[in-house]
Peer 1: 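Please find one structure pasted underneath; my questions will follow.
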2 protein chains.
Amino acid sequence: MTVTIYDVAREAKVSMATVSRVLNGNPNVKPETRKKVKDVIERLNYRPNAVARGLASKKTTTVGVIIPDISNLYYSALARGLDDIAEMYNYQTIITNTENDPEKEKDSFLSLVSKQVDGVVFLGGALNEETLTDIKNSHVPVVICGTSEKDKNLPSVNIDYFEAIKEATAKFLEEGSERIVFVKASFSNQLENHIEEGIKAAYKDLGKSVDDNSLILTADSDYQSGKDIFDQINSHKADVVITMSDETAIGVLHSAMDHDLEIPGDIQVLSCSNTRLVNMVRPQLSSIAMPLYDIGAVGMRLLTKYMNEETVDESNVILPYKIEYRSTTR
Amino acid sequence: MTVTIYDVAREAKVSMATVSRVLNGNPNVKPETRKKVKDVIERLNYRPNAVARGLASKKTTTVGVIIPDISNLYYSALARGLDDIAEMYNYQTIITNTENDPEKEKDSFLSLVSKQVDGVVFLGGALNEETLTDIKNSHVPVVICGTSEKDKNLPSVNIDYFEAIKEATAKFLEEGSERIVFVKASFSNQLENHIEEGIKAAYKDLGKSVDDNSLILTADSDYQSGKDIFDQINSHKADVVITMSDETAIGVLHSAMDHDLEIPGDIQVLSCSNTRLVNMVRPQLSSIAMPLYDIGAVGMRLLTKYMNEETVDESNVILPYKIEYRSTTR
DNA sequence: CTGAAAGCGCTAACAG
DNA sequence: CTGTTAGCGCTTTCAG
């Protein structure tokens with residue numbers, strides 16, 4: 001019923017080895033033979049079985065992508081960059097969604113490995129101890145984008161979050177803001193720790209202490225959570241709110257406006273994601289601008305190097321950032 | 001290096017067939033044997049090779065998902081529904097992104113088939129003649145969600161777009177609106193034709209003609225395209241704008257506000273996607289509310305039936321819709 | 001330049 | 001309940 005390489009070989013009156021050679025672009029085939037085989041392939045509408053191929057060659061030309069939440073614009077922007085480069089290098093991507101669940105993250109990884117992917121990239125993600133162990137045991141090349149793990153053993157692509165947030169915080173403090181609230185996303189992530197450190201460093205540089213004037217809250221990274229957490233922010237009399245997620249920032253923004261606060265007069269808002277959303281709300285959201293697409297693209301490029309066993313000079317890539325002060329900051 | 005079923009068999013002093021049986025939960029294994037094998041599996045940290053499995057069993061427990069644009073909230077909402085149900089039925093999903101390119105759509109499908117997926121679902125998509133032919137030739141179960149093809153040969157899940165848009169249009173006309181502009185997305189899609197028909201039907205029912213008073217434009221489905229197309233809308237002196245995409249609607253909205261038009265006083269806006277965005281802008285966007293998550297979920301459920309060769313009573317499922325009149329309509 | 005033959009790691013009859 | 005034996009469809013030596 002399904003046509004196999006064997007059928008093609010028979011029809012073309014060659015051996016299956018030869019058919020395999022033309023399939024794989026092996027130059028050791030006489031042009032006439034090649035043409036003959038190609039014609040039969042066309043006529044029979046033959047398509048190689050990628051599964052059999054994968055088993056025989058131990059390569060699947062497939063990379064796994066593990067994402068906390070595809071419906072989050074932050075991650076899907078990263079994914080676009082990944083995808084484009086993957087295509088350029090003739091890899092296909094299997095995207096799996098963990099729904100921010102570290103357990104699923106681990107399962108997804110194992111499942112991808114059992115599918116014999118040639119490599120996997122984590123976009124964000126918790127990367128807990130267990131998962132790290134599985135990665136090590138798997139002997140599969142892994143690159144992590146937009147997250148990090150403490151030992152820096154894994155190749156990664158990031159921006160310098162610590163510096164970025166420190167710069168932003170210092171600016172707020174220098175301009176007279178005193179009560180800065182930071183809203184973490186509830187999916188624990190090494191990055192957020194760097195960010196906390198950055199905030200603390202900025203305070204310290206100015207001889208101030210974080211504890212009295214700053215508050216660190218946790219919220220889901222959606223719009224409603226931003227609206228919901230506003231009460232806590234407000235009761236802290238915050239004059240600056242920094243959130244991980246754009247959606248959360250927008251929720252905070254709208255709640256603040258509903259409480260007749262002036263933006264950015266009474267309260268300034270800055271997010272750390274810089275997704276397409278920042279330009280889609282009024283007032284436009286100020287944000288630490290990471291090169292999302294590039295992070296994904298560079299991550300995939302890095303992975304191809306590992307998959308080809310090329311040498312890489314820098315396995316922990318840091319990309320530049322900008323801080324875009326739009327209309328929610330002064 | 002990698003541990004195989006053969007290693008497990010040897011260590012457990014059984015045949016590989018027995019190992020295979022415990023792997024697949026075959027009841028014909030003595031409890032003690034089962035335990036013995038499981039212990040060895042644990043000890044050796046053995047993980048079955050899904051590729052070999054797929055080749056031998058001709059099943060991959062994997063379904064392909066073809067999406068025009070993952071970074072579009074409309075599609076990612078559908079994908080979430082799909083994913084949840086897929087997981088429930090122990091299928092994994094391979095998501096591929098076509099970037100709204102019919103050529104890529106076709107290639108993605110073929111690639112998925114060569115990977116021996118057990119089924120594929122299209123979310124949206126152009127489904128041109130060529131792709132349809134490939135689908136027919138592939139003998140792989142296919143379900144399409146949020147799109148349709150003219151012959152209705154393929155199982156599908158949709159809402160009644162025609163009715164929805166007719167109802168909305170009729171309401172606008174009855175309430176005195178006269179100049180309705182419809183903004184299609186540029187990715188041609190059978191659905192949009194249904195929508196056009198719905199608009200025409202509404203006009204006709206009231207004894208009016210579409211041509212004089214209605215204008216049909218085409219724009220990409222992003223925010224900027226919405227802003228850009230406003231000039232055309234404005235020069236038509238539209239009093240109602242209906243767009244496929246939420247982002248486009250928001251772009252139109254903001255442009256209109258920048259031109260000092262009152263919303264919804266001077267111009268009303270309605271979108272057809274109802275993604276999370278509708279609540280994240282001020283004023284909140286009125287929209288035809290489709291059950292996005294459910295469309296995906298029902299689609300995947302339908303696919304499982306085909307993959308199991310169960311009988312299905314209704315292969316073209318129509319789910320209910322609501323029209324949510326929020327703050328951009330009167 | 002081409003063919004024969006040996007697997008890749010697993011499932012699935014078929015015996016027993 | 002368990003083992004033996006063929007493959008699944010392809011790649012890849014190794015000869016020639």
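Chain letters run A, B, ... following the sequence lines, proteins first, then strands; residues in each count from 1.
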Peer 1: Is any side-chain nitrogen or oxygen of K58(B) closer than 4.0 Å to OP1 or OP2 of dG9(D)?
Peer 2: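 Checking K58(B) against dG9(D): at least one side-chain N or O falls below 4.0 Å of OP1 or OP2.
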Peer 1: Applying side-chain contact (heavy atoms from CB on, under 4.5 Å), run through I66(B) and V120(B) and close with a yes or a no.
Peer 2: CA-CA 8 Å; I66(B) 296 181; V120(B) 359; 4.3 Å; yes
Peer 1: Nearest to the side chain of R53(B) - dT11(D), dT2(D), dT11(C)?
Peer 2: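 Closest nucleotide to the R53(B) side chain: dT11(C).
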Peer 1: Could you check whether T18(B) gets within reach of a base, just the sugar-phosphate, or nothing at all, counting any heavy atom under 4.0 Å?
Peer 2: sugar-phosphate
Peer 1: Does a side-chain N-to-carboxylate-O contact under 4.0 Å join K35(A) and D39(A)?
Peer 2: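 Salt bridge flag = yes for D39(A) with K35(A).
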Peer 1: If I take atom CG in residue L23(B) and atom P in nucleotide dC10(C), what distance separates them, rounded to the nearest angstrom?
Peer 2: 8 Å
Peer 1: For the CZ atom of R47(B) and the CG atom of D134(A), what is their distance to the nearest 0.5 Å?
Peer 2: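 Taking CZ in R47(B) and CG in D134(A), the distance rounds to 6.0 Å.
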Peer 1: Once rounded to the nearest 0.5 Å, what's the spacing between atom CD of E11(A) and atom CD1 of I41(A)?
Peer 2: 12.0 Å
Peer 1: Rounded to the Å, how far apart are K115(A) NZ and dG9(C) P?
Peer 2: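 From K115(A) NZ to dG9(C) P: 18 Å.
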Peer 1: Could you tell me the separation between the NZ atom of K30(A) and the C1' atom of dG3(C), rounded to a whole number of Å?
Peer 2: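 Rounded to the whole Å, the gap is 14 Å.
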Peer 1: For dG3(C), take OP1 and OP2 only and decide whether either is under 4.0 Å from a side-chain N or O of S15(A).
Peer 2: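 So the side chain of S15(A) is within the cut-off, an N or O lying under 4.0 Å from OP1 or OP2 of dG3(C).
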Peer 1: Just to confirm, is there a sub-4.0 Å distance from OP1 or OP2 of dT11(C) to any side-chain nitrogen or oxygen of N24(B)?
Peer 2: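 It does, given that an N or O in the side chain of N24(B) lies less than 4.0 Å from OP1 or OP2 of dT11(C).
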Peer 1: Is there a side-chain polar atom (N or O) of S20(B) under 4.0 Å from OP1 or OP2 of dT11(C)?
Peer 2: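 Yes.
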Peer 1: Please work out which residues in residues 32-51 of chain B have a non-hydrogen atom less than 4.0 Å from an atom of DNA chain C and list them by number.
Peer 2: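 Within this stretch, Y46(B), P48(B), N49(B) sit under 4.0 Å of the strand.
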Peer 1: Just to be sure I understand the rule, does V19(A) reach a base, reach only the sugar-phosphate, or reach nothing, if contact means heavy atoms closer than 4.0 Å?
Peer 2: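 V19(A): no heavy atom of the nucleic acid under 4.0 Å.
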Peer 1: Grab the NZ-P distance between K59(B) and dC8(D) for me, whole Å please.
Peer 2: 16 Å
Peer 1: Take atom CD of Q116(A) and atom C1' of dC10(D), then tell me their distance rounded to the nearest Å.
Peer 2: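 Whole-Å distance recorded here is 15 Å.
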Peer 1: Given V19(B), which partner from the list V40(B), V29(B), I5(B) fulfils the side chain to side chain contact (heavy atoms under 4.5 Å, CB included) test?
Peer 2: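 Among V40(B), V29(B), I5(B), the one meeting side chain to side chain contact (heavy atoms under 4.5 Å, CB included) with V19(B) is I5(B).
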Peer 1: Can you give me the bend angle of the helix from dC1(C)-dG16(D) to dG16(C)-dC1(D)? Use the axis through the first five pairs and the one through the last five, nearest 10 degrees.
Peer 2: 30°
Peer 1: Does any N or O in the side chain of E149(A) come within less than 3.5 Å of the main-chain N or O of K152(A), such that one atom is a donor and the other an acceptor?
Peer 2: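 Looks like yes, one N/O pair under 3.5 Å.
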Peer 1: Could you tell me whether R80(B) and D84(B) make a salt bridge, using a distance below 4.0 angstrom between a side-chain N and a carboxylate O?
Peer 2: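 No, R80(B) and D84(B) are not salt-bridged.
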Peer 1: How many whole angstroms separate atom CE of M16(A) from atom P of dT2(C)?
Peer 2: 16 Å
Peer 1: Can you confirm whether the side chains of K115(B) and T60(A) place a donor and an acceptor under 3.5 Å from each other?
Peer 2: no
Peer 1: Does S57(B) place a side-chain N or O at less than 4.0 Å from the phosphate oxygens OP1/OP2 of dT11(C)?
Peer 2: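 Indeed not, no polar side-chain atom of S57(B) lies that close.
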Peer 1: Please determine whether side-chain contact (heavy atoms from CB on, under 4.5 Å) holds for the pair F122(B) and T131(B), giving the CA-CA distance in whole Å, both sets of side-chain angles, and the decisive distance to 0.1 Å.
Peer 2: CA-CA 11 Å; F122(B) 284 82; T131(B) 311; 4.2 Å; yes
Peer 1: Hey, mind stepping through Y89(A) and M300(A) against side-chain contact (heavy atoms from CB on, under 4.5 Å) and telling me if it holds?
Peer 2: CA-CA 9 Å; Y89(A) 284 87; M300(A) 181 55 83; 5.9 Å; no
Peer 1: I need the single residue from T98(A), N97(A), D101(A) that forms a side chain to side chain contact (heavy atoms under 4.5 Å, CB included) with P68(A). Which is it?
Peer 2: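 Of the listed residues T98(A), N97(A), D101(A), the side chain to side chain contact (heavy atoms under 4.5 Å, CB included) partner of P68(A) is T98(A).
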Peer 1: I5(B) has an atom CD1; how far is it from atom P of dC8(D), in whole Å?
Peer 2: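 Value for this atom pair: 19 Å.
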Peer 1: Specify the separation, in whole Å, of atom NZ of K13(B) and atom P of dC1(D).
Peer 2: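 Rounding to the nearest Å, NZ of K13(B) and P of dC1(D) are 22 Å apart.
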Peer 1: Heavy atoms, side chains only, cut-off 4.5 Å: are S315(A) and Y306(A) in contact?
Peer 2: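 Yes, at least one pair of side-chain atoms sits under 4.5 Å.
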Peer 1: Could you pull out the protein-nucleic contacts involving nucleotides 13-16 of chain C (nitrogen or oxygen on both sides, under 3.5 Å)?
Peer 2:
none

Peer 1: Where the side chain of V14(B) is concerned, which of dC8(D), dT2(C), dG3(D) is the nearest nucleotide?
Peer 2: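 Of the options given, the side chain of V14(B) lies nearest dG3(D).
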